[in-house]
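Below is one structure, written out as structure tokens; comments come after it.
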Amino acid sequence: MARNITPKNQDYSQWYLDVIKASELADYAPVRGCMVIRPTGYALWESIQGHFDKGFKDTGHVNAYFPLLIPNSFLEKEAEHVEGFAPECAVVTHAGGEELEEPLIVRPTSETVIGHMYSKWVQSWRDLPILINQWCNVMRWEKRPRLFLRTSEFLWQEGHTAHATREEAMEETLRMLEVYRSIMCDILAIPVIAGEKSEGERFPGADNTYTCEAMMSDRKALQAGTSHFLGQNFAKAFDIKFQSQNLEVEYAWTTSWGVSTRLIGALIMTHSDDDGLILPPRVAPVKAVILPISTSDVTLNEKLLPMAREIEEKLNKVLGGKFVKVDTQFHMRPGERFFTHLQKGVPLRLELGEKELDESCLMAVRRDTSEKRALAIDALEVLVPQLLEDIQKNLFNRALKFREENTFSVSTLEEFRKIFENSGGFVRAYFAGGAEEEKAIKEIGGVTVRCFPLEDNSTGKCFFTGKEGARLAIFAKSY
RNA sequence: CGGGGCGUAGCGCAGUCUGGUUAGCGCACCUGCUUUGGGAGCAGGGGGUCGAAGGUUCGAAUCCUUUCGCCCCGACCA
């Protein structure tokens with residue numbers, strides 16, 4: 001077992017921080033609440049970005065960039081929006097050695113500037129829809145920061161679209177939710193529940209918010225991504241109007257949706273163990289590492305290393321990228337070399353020593369199960385991709401199983417309390433309350449409505465108010 | 001923003017109560033030798049003026065004042 005990582009069941013948050021440190025994903029910055037994303041972490045982010053970016057492009061979106069600084073007055077144009085974001089805004093009051101006439105907000109999100117620009121760009125129904133995404137950083141001042149989960153500055157993607165009709169905008173909102181859901185499940189191997197947010201959890205200024213909720217390995221929920229149906233709220237605040245085909249002047253319907261570097265936190269807390277990070281192969285920047293091992297420098301340099309290079313090249317060709325690396329940390333002893341890759345979450349370790357040389361095979365060790373298996377060198381190009389896919393599936397299924405084992409259906413408040421007093425987890429219950437009732441429930445150890453799952457539109461008797469016709473909701477403590 | 005704790009080498013700490021040799025230990029790091037299939041052993045070595053400022057004193061990591069920062073627990077959050 002790793003000796004620099006606190007066991008998960010001893011102290012979960014320390015374990016989380018230790019995993020990040022050991023895997024060299026990130027480090028603390030000099031400014032509280034900010035983090036440095038180290039090369040290993042950034043490579044992971046780039047990989048995540050790549051998959052999502054493709055998902056956006058495939059659904060017709062284009063990338064653009066809007067400015068970091070937003071005039072204070074913009075934020076104030078949408079009442080709920082200001083109220084929601086004002087407490088966490090960082091404000092620039094001085095620049096160029098002078099006090100600014102109007103303070104500038106460091107963007108906490110860009111609905112307002114983008115709304116402003118869209119109003120200039122939209123005149124006719126022919127200008128719609130606008131389907132723009134931007135990759136950027138945002139700032140939301142945090143009182144209690146946690147690496148990747150809640151930092152004052154974080155990296156994310158925000159999609160902003162404007163449509164001619166309500167139906168189209170709603171379709172877009174749900175389409176992007178589905179893009180999120182499928183990438184999280186298929187690529188990040190994180191099982192998520194797609195659902196609608198409750199009144200109390202809605203994005204400030206949205207008519208409706210949809211979310212992908214995941215269960216972390218401590219049974220708490222993590223909101224992994226959100227998609228908002230903004231109605232005409234921002235269109236009215238920023239005057240995004242167009243003339244329709246039947247000559248009427250109408251307000252546009254807008255949406256926005258985002259995922260952030262929080263996904264890295266989700267990956268850590270979904271898959272990793274007491275030995276460190278575990279990454280699903282499809283998102284891992286390094287999918288396999290080849291370790292030439294020998295006590296003899298001659299064997300190492302003249303036989304094993306060239307062979308490892310050859311295998312590296314072959315596998316990279318099959319995998320379609322530089323996903324396989326040769327480990328050349330020869331100043332370390334083998335055990336130490338194993339550990340560095342273990343902690344960094346490399347899905348597959350391929351050991352190449354004298355034994356393997358004689359039998360012309362590689363010893364493959366899976367990160368997810370520690371299972372060892374000799375692979376014939378001739379068959380590597382088939383077996384390695386297979387093994388990687390196996391690991392991918394196993395990680396997803398393992399996480400799904402964990403979530404299911406920790407999801408409980410209840411119909412009374414008493415049962416509800418009992419679960420959160422004991423193990424915790426996800427609770428499924430019919431719920432018909434509003435913001436008031438949500439507040440009351442929050443008194444029960446901070447439990448909140450995570451979402452109303454889209455896949456289940458059954459109705460029943462509310463466990464809290466007793467009203468009939470209540471929707472099915474998922475409750476949990478959350479990050 | 002309320003409650004608690006802590007700032008001494010890159011990290012983790014001892015020393016502080018009861019001022020007094022050149023400020024110490026473990027890990028990490030560097031060099032050498034022996035090792036090498038799941039975190040090696042031995043030997044040698046480099047690195048800190050003790051968060052900052054001011055004060056008390058012959059003398060301050062240690063006492064006093066001020067200040068900054070961080071961590072943990074609660075209220076707010078992608």
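Just so it is clear: chains get the letters A, B, ... in the order the sequence lines come, proteins before strands, and each one is counted from 1. The model shown is predicted, which means the values in this text are computed figures rather than measured ones. Any value given below was found using the heavy atoms of this structure, including those in side chains, with hydrogens, waters and symmetry copies removed.
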*Does the distance from a Lys or Arg side-chain N to an Asp or Glu carboxylate O, for A:Arg202 and A:Asp207, drop under 4.0 Å?*
no
*Name the nucleic acid region contacted by A:Gly258, choosing base, sugar-phosphate or nothing; use a 4.0 angstrom heavy-atom cut-off, strictly under.*
nothing
*If you measure from the P atom in B:G15 to the same atom in B:C25, how many Å do you get, rounded?*
15 Å
_Residue pair A:Val192 / A:Thr211, side-chain heavy-atom distance below 4.5 Å_ = no
*For atom P, what is the distance between B:C50 and B:G45, given to the nearest Å?*
26 Å
*Whole-Å distance between B:A75 C1' and A:Glu443 CD?*
11 Å
*Rounded distance (Å) that lies between atom C1' of B:G39 and atom CG of A:Asp274*: 16 Å
_Need the pair for B:A43. Rule: Watson-Crick or G-U wobble, both distances under 3.5 Å, any strand; none if unpaired._
B:U31
*Can you tell me the distance, in whole Å, between the CD atom of A:Glu142 and the P atom of B:C1?*
15 Å
*Reckon A:Thr151 touches a base, only the sugar-phosphate, or nothing at all at heavy-atom distances under 4.0 Å?*
base
*Mind checking who B:C77 pairs with, Watson-Crick or G-U wobble, both distances under 3.5 Å?*
none
*Considering only the C1' atoms, how many Å lie between B:A23 and B:U66, rounded to the nearest integer?*
26 Å
*If you measure only the distance, is there a donor-acceptor pair under 3.5 Å linking the side chains of A:Asp53 and A:Trp135?*
yes
*asked:* Suppose we define a pair by two distances each less than 3.5 Å, Watson-Crick or G-U wobble; what does B:A14 pair with here?
replied: none
_Paired nucleotide for B:U65 [Watson-Crick or G-U wobble; both distances under 3.5 Å]_ = B:A53
*asked:* Quick check: on RNA chain B, is the nucleotide nearest A:Tyr28 upstream (toward 5') of the one nearest A:Glu88, or the reverse? Name the residue that is more 5'.
replied: A:Tyr28
*Quick one: label A:Arg349 by what it contacts on the DNA or RNA (base, sugar-phosphate, nothing), any heavy atom closer than 4.0 Å.*
base
*Say whether A:Arg107 and A:Thr109, considering side chains only, have a donor N or O and an acceptor N or O under 3.5 Å apart.*
no
*Kindly say whether, by distance alone, the side chain of A:Glu356 makes a donor-acceptor pair under 3.5 Å with the base of B:G37?*
yes
*Looking at B:G38, B:G39, B:G37, which one has an atom nearest to any side-chain atom of A:Gln343?*
B:G39
*Given B:A78, B:G37, B:C11, which nucleotide is nearest the side-chain atoms of A:Lys21?*
B:C11
_Whole-angstrom distance between B:C30 and B:C64, as gauged at atom P_ = 42 Å
*In terms of side-chain heavy atoms, does A:Ser217 have a donor or acceptor partner in A:Tyr12 at a distance below 3.5 Å?*
yes
*Using the C1' atom in both, what is the distance from B:G59 to B:A40, to the nearest Å?*
47 Å
_Between the base of B:C77 and the side chain of A:Arg150, is one N or O donor paired with an acceptor at under 3.5 angstrom?_
yes
*If B:A23 has a Watson-Crick or G-U wobble mate with both distances under 3.5 Å, name it; if not, just say none.*
none
*Expressed as a whole number of Å, how far does the P atom of B:C13 sit from that of B:G7?*
9 Å
*Provide, to the nearest angstrom, the distance between the NE2 atom belonging to A:His331 and the P atom belonging to B:A40.*
12 Å
_Rounded distance (Å) that lies between atom C1' of B:A78 and atom CH2 of A:Trp45_ = 11 Å
*Determine whether any donor atom in the side chain of A:Arg333 lies under 3.5 Å from an acceptor atom in the base of B:G41, or the reverse, and answer yes or no.*
no
*Separation of B:U35 C1' from A:Met332 CE (nearest whole Å)*: 16 Å
*Choose from B:G38, B:G37, B:A78 the nucleotide whose nearest atom is closest to any side-chain atom of A:Leu342.*
B:G38
*Residue met sooner reading RNA chain B from 5', once A:Glu153 and A:Val365 are mapped to nucleotides*: A:Val365
*Between A:Lys143 and B:G74, is there a side-chain N or O to OP1/OP2 distance below 4.0 Å?*
no
*How many Å lie between CG on A:Leu17 and C1' on B:C71, as a whole number?*
10 Å
_Distance-only donor-acceptor check, side chains A:Asp18 and A:Thr6, under 3.5 Å_ = yes
*Regarding A:Gln343 and A:Asn4, is there a side-chain donor-to-acceptor distance under 3.5 Å anywhere?*
yes
*A:Phe338 on top of B:G39's base, within under 5.5 Å and under 30°?*
no
*What is the pairing partner of B:C70, taking Watson-Crick or G-U wobble pairs with both distances under 3.5 Å in any strand?*
B:G5
*Does the distance from a Lys or Arg side-chain N to an Asp or Glu carboxylate O, for A:Glu213 and A:Lys197, drop under 4.0 Å?*
yes
*Pick the C1' atom in B:G3 and in B:A78, then give their distance to the nearest Å.*
28 Å
*Give the nucleotide from the list B:G74, B:C77, B:G39 with an atom nearest to the side chain of A:Glu336.*
B:G39
_Would you measure the distance from the C1' atom in B:A75 across to the matching atom in B:C1 and give it in whole Å?_
8 Å
_Using a heavy-atom cut-off of 4.0 Å across all strands, would you classify A:Arg144 as base, sugar-phosphate, or nothing?_
base
*Take the protein atom CZ of A:Arg337 and the nucleotide atom C1' of B:G38, then report the distance between them rounded to whole Å.*
13 Å
